[in-house]
Visitor: 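Take a look at the following structure, please.
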Amino acid sequence: MTPDVLFNVIIKNRNAVVNSRDVAKVFRKRHKNVLQNIDNLRSNWSSLVGLKSEPNSKITRLKSEPSKTLNSNLSPVDLEALNHVSKMKFDDCFIPSTYITQNGRTVRSYDMNRDGFTLLTMGFNGRDALAFKLAYISRFNEMEQELTKRNTLYDLEKYLRKQLTDTIQQYYTGDNLGREIMQLTNLLYMVATGHNASKLKRDRGFSKDVSAFAEVLTSDERETYISTENKMIGLYTSGVSGYQELKHRLSKQPA
């Protein structure tokens, strides 16, 4: 295995995914061939889920979709497998995406979750392919643990966010409450990460309309943000409400 291989599993839209371009690069395949493999999986998936019984045969209805039927000659193991497949959605495993080429063309790709990656690479054989698959599985494990931690911190911050907003509303004496909340929110990002929310989203490739806390911050950054938010609530409650004084106090205290 070459040392420069990057097993680029990322968290996107609160899911651990890997892009088809990265998989093609790691497994030394042409991306258009990987896309063809995914297209074949889509076609076979549709055929499998849409199986119908023959006209005069006894039928078995899929539990998840009563309108769909399966040939009763299938074995119980086959039926159970197909019932399981019918509960999964192709677009949950293979999420359409795009990228811009050097000459400005927009080209399709896919983001794959663990299930999609597993289905795609089942047919990739050889010693190197096995090593790559094991490395990817390890990365998925790491990122899914990170995702669990991020989600827990996200739920905690929602509660703190309300507490901070209520505190500002209670103690703020100025005439522009909305601007005060926005400025102090950006201060939290500055203290926790060194950048405001807009720069974080821009530098990390996220659209400007996503929540920086929900989508952009790592779990370590979220912990620092939450710690700083707790301190800001305490300071604001005690009468420290000026932006510069808050910045000074929050930046000096260990997060």
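Here the structure is a predicted model, which is why all the values come from computation and not from measurement.
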Visitor: Not counting sequence neighbours, list each pair that qualifies as a side chain to side chain donor-acceptor pair (under 3.5 Å) and has a residue in residues 163-173.
Guide: Lys162-Asp166
Visitor: I'd like to check the side chain to side chain contact (heavy atoms under 4.5 Å, CB included) partners of Ser238; sequence neighbours left out, ordered by chain and number.
Guide: Val240
Visitor: Under the rule for side chain to side chain contact (heavy atoms under 4.5 Å, CB included), what residues qualify as partners of Asp115, not counting sequence neighbours?
Guide: Met88, Cys93, Asn113
Visitor: Going through the checks in order, is the side-chain hydrogen bond (donor to acceptor under 3.5 Å, both in side chains) test met by Asn8 and Arg139?
Guide: CA-CA 8 Å; Asn8 196 25; Arg139 284 293 293 153; 5.8 Å; no
Visitor: Once side chain to side chain contact (heavy atoms under 4.5 Å, CB included) is applied, do any residues pair with Lys247, and if so which ones, sequence neighbours excluded?
Guide: Leu187, Tyr243, Gln244, Ser251
Visitor: Are Tyr136 and Val23 close enough, and set up right, to give a side chain to side chain contact (heavy atoms under 4.5 Å, CB included), and what steps lead you there?
Guide: CA-CA 9 Å; Tyr136 263 122; Val23 171; 4.2 Å; yes
Visitor: Please collect all ring-ring contact (aromatic ring centres under 6.0 Å, His included) contacts where either partner lies in residues 182-207, sequence neighbours excluded, each pair once.
Guide: Tyr189-Tyr225
Visitor: Using ring-ring contact (aromatic ring centres under 6.0 Å, His included) as the criterion, list what pairs up with Phe27, not counting sequence neighbours.
Guide: Phe124, Phe132
Visitor: How far apart are the closest heavy atoms of Met232 and Leu184, and which atoms are they?
Guide: CE-O, 3.6 Å
Visitor: List in chain and number order the residues that pass side chain to side chain donor-acceptor pair (under 3.5 Å) with Arg42, two or more places apart in sequence or in another chain; answer none if no residue qualifies.
Guide: Asp91
Visitor: Please enumerate all residues that pass side chain to side chain donor-acceptor pair (under 3.5 Å) together with Thr193, with sequence neighbours excluded.
Guide: none
Visitor: Write out all pairs satisfying salt bridge (Lys or Arg N to Asp or Glu O under 4.0 Å) with one or both partners inside residues 181-193, taking only residues at least two apart or from two chains.
Guide: none
Visitor: Report the residues that fulfil side chain to side chain contact (heavy atoms under 4.5 Å, CB included) with Asp220, sequence neighbours left out, ordered by chain and then residue number.
Guide: Lys149, Thr218, Glu223
Visitor: Under the salt bridge (Lys or Arg N to Asp or Glu O under 4.0 Å) rule, what pairs show up with a residue in residues 179-202, not counting sequence neighbours?
Guide: Lys199-Asp203
Visitor: Indicate every side-chain donor-acceptor pair of residues 151-160 with a distance under 3.5 Å to a residue at least two apart or in another chain.
Guide:
{"from": "Asn151", "atom 1": "OD1", "to": "Arg14", "atom 2": "NE", "distance (Å)": "3.3"}
{"from": "Asn151", "atom 1": "OD1", "to": "Arg14", "atom 2": "NH2", "distance (Å)": "3.0"}
{"from": "Asn151", "atom 1": "ND2", "to": "Leu147", "atom 2": "O", "distance (Å)": "3.4"}
{"from": "Thr152", "atom 1": "OG1", "to": "Thr148", "atom 2": "O", "distance (Å)": "3.1"}

Visitor: Only one of Val18, Ile95, Asp111 passes side chain to side chain contact (heavy atoms under 4.5 Å, CB included) with Lys12; say which it is.
Guide: Asp111
